[in-house]
2 protein chains.
Amino acid sequence: MKVSTRREDFLQTSLELIHEKGFKATTMRDIAERMGFDVSNSYNYIKSKQDILELFLFRTSAEFHNTMDNILACSYTADEKLKQVISAHIQVAAKKPFEVALMVNEWRNLSEPKYNEYVALRNLYEKKMAKLLREGVQQGVFKEMDVKIATALILSSIRWLYDAYANTKKAMNPIELERQIVGLVLEGVLK
Amino acid sequence: MKVSTRREDFLQTSLELIHEKGFKATTMRDIAERMGFDVSNSYNYIKSKQDILELFLFRTSAEFHNTMDNILACSYTADEKLKQVISAHIQVAAKKPFEVALMVNEWRNLSEPKYNEYVALRNLYEKKMAKLLREGVQQGVFKEMDVKIATALILSSIRWLYDAYANTKKAMNPIELERQIVGLVLEGVLK
DNA sequence: TTCAAATATAAACAATTGTTGACTTAAAAT
DNA sequence: ATTTTAAGTCAACAATTGTTTATATTTGAA
């Protein structure tokens, strides 16, 4: 094992710095300084600044898609599937908060060939969620609703989750977090 | 009437450009070019690039706070208040989608004295929402729940709304939008 | 020991960026 | 008619930025 831990360090440092200052505001010199070496050395680990962004964005996106695909392919009922998706989101957010923060905040900074690719992946994920909801409506387990709106709302409602773990002051209990969020999404706030 | 419409034009152009490219990626030269004049002339309308950001951010924030304060001071029940808040968010998002987009996406680009000010306003707004929810729980109209989590979830769930209006392809009906979102937040997706 | 790969430095580049100062011209108010 | 104000141009600045090239040092394997 151990495949150039130096590169991993460099990428992790990049990730944390980008989370702190934003991608555009983070300079290659910032990253190098925190690593303790000169800027030019950074280019032994990465081809360009854009590549840092691409690497994390597409890797984490693939992880979300994989999980979603597995859940969709199960024989669960739609409400069970939705719970699974929420659960998975919480787990990823808890384990890789900086990667998720990057996905939420920095994807707009991709430049043109990759930007379109990424937006397509994003739309695809939205479509998968919409399919899940439509399934539930047809099964009679979800109420009649505008699936497009519900999709946007539910995905948006779990986008903040990384924040509960990226800013380490608290370290929220994932089990309780899941219980609360599932309760709110499935049954709302009314008694 | 008519108070220097030229300045308004400049600010509106800035706003749209920032929405398209992001604040950091939008240069003063970009804005000037779209206005049809030289960069230097921009500084007859604004003191600095940061000032453009501050102006919109604090102005729109104040609008949200005002509305929230008025709703909180009413004699409505908590569930009615929550509906009012959601309704207000939709109206602002429909009328000023670019301003709202700025609030959602660009507040991190504020620099230090103003950044803290803005974060404080943000936290205050969250506290006001939490108060509304706690009220509802005490009145017995909302179920028992972790108010901190519910606050984050609800606010996050309506953050995407500007997107339904900023990208003009559709121009969604605000009445139906409100019906759907209120239904989902209050009662969830289950039948 | 030798040799190649990994790790690092130093210096410089070309481009971009926010901002300023000195002037000019057009429009409005006195 | 004169003067103030609004609107605009031109040239230049200092700083920052991503990236490259050439070169040196360290390290692990042969």
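A quick note: this is a predicted structure, and the numbers were derived from the prediction, not measured. In the text below, chain A, chain B and the rest are named by the order of the sequence lines, each starting its count at 1.
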Would you kindly check if the NZ (Lys) or CZ (Arg) of Lys114(A) is within the cone defined by 45 degrees around the ring axis of Phe58(A) and under 6.0 Å from the six-membered ring centre?
-> yes

Let me have the donor-acceptor pairs involving side chains of residues 123-130 of chain A, under 3.5 Å, with sequence neighbours excluded, atom names and distances please.
{"unit_1": "Asn123(A)", "atom_1": "ND2", "unit_2": "Val119(A)", "atom_2": "O", "d": "3.4"}
{"unit_1": "Tyr125(A)", "atom_1": "OH", "unit_2": "His89(A)", "atom_2": "NE2", "d": "2.8"}
{"unit_1": "Lys128(A)", "atom_1": "NZ", "unit_2": "His65(A)", "atom_2": "ND1", "d": "2.8"}
{"unit_1": "Lys128(A)", "atom_1": "NZ", "unit_2": "Asp69(A)", "atom_2": "OD1", "d": "2.9"}
{"unit_1": "Lys128(A)", "atom_1": "NZ", "unit_2": "Asp69(A)", "atom_2": "OD2", "d": "3.4"}

Is there side-chain contact between Glu80(A) and Thr77(A), with at least one heavy-atom pair below 4.5 Å?
-> yes

Taking the side chain as C-beta and beyond, is there a heavy-atom pair between Tyr162(A) and Lys96(A) under 4.5 Å?
-> no

Quick one: Ile46(B) CD1 to dA7(D) P, roughly how many Å, whole number?
-> 14 Å

Rounding to a whole Å, what distance do you find between Arg7(B):CZ and dG8(D):P?
-> 14 Å

dA8(C) base / Ser40(A) side chain donor-acceptor hit below 3.5 Å | no

What nucleotide, of dT20(C), dA8(C), dT19(D), holds the atom closest to the side chain of Tyr43(A)?
-> dT19(D)

Rounded to the nearest angstrom, tell me the gap between atom NZ in Lys21(A) and atom P in dT16(D).
-> 12 Å

If every non-hydrogen atom of Met28(B) is compared with every non-hydrogen atom of Ile46(B), which pair is closest and at what distance?
-> CE-CG2, 4.2 Å

Distance, rounded to the nearest Å, where Lys24(A) contributes NZ and dT16(C) contributes P = 14 Å

Is Glu112(A) atom CD crowded by more than 12 heavy atoms from other residues, nucleotides or ligands, each under 6.0 Å away?
-> yes

How long is the line joining CG of Asn44(A) and C1' of dT23(D), in whole Å?
-> 12 Å

Distance, rounded to the nearest Å, where Asn41(A) contributes CG and dA24(D) contributes C1' = 12 Å

Interface residues of residues 25-38 of chain A with DNA chain C (non-hydrogen, below 4.0 angstrom) = Arg29(A), Phe37(A), Asp38(A)

May I ask you to test the Leu17(B)-Phe23(B) pair for a side-chain heavy-atom distance under 4.5 Å?
-> no

Distance check: side-chain N/O of Tyr45(A) vs OP1/OP2 of dA8(C), anything under 4.0 Å?
-> yes

Take atom CG of Asp9(B) and atom C1' of dA6(D), then tell me their distance rounded to the nearest Å.
-> 14 Å

Does OP1 or OP2 of dA8(C) have a side-chain N or O of Arg6(A) closer than 4.0 Å?
-> yes

Distance in angstrom units between Lys49(A) NZ and dT17(D) P, rounded | 8 Å

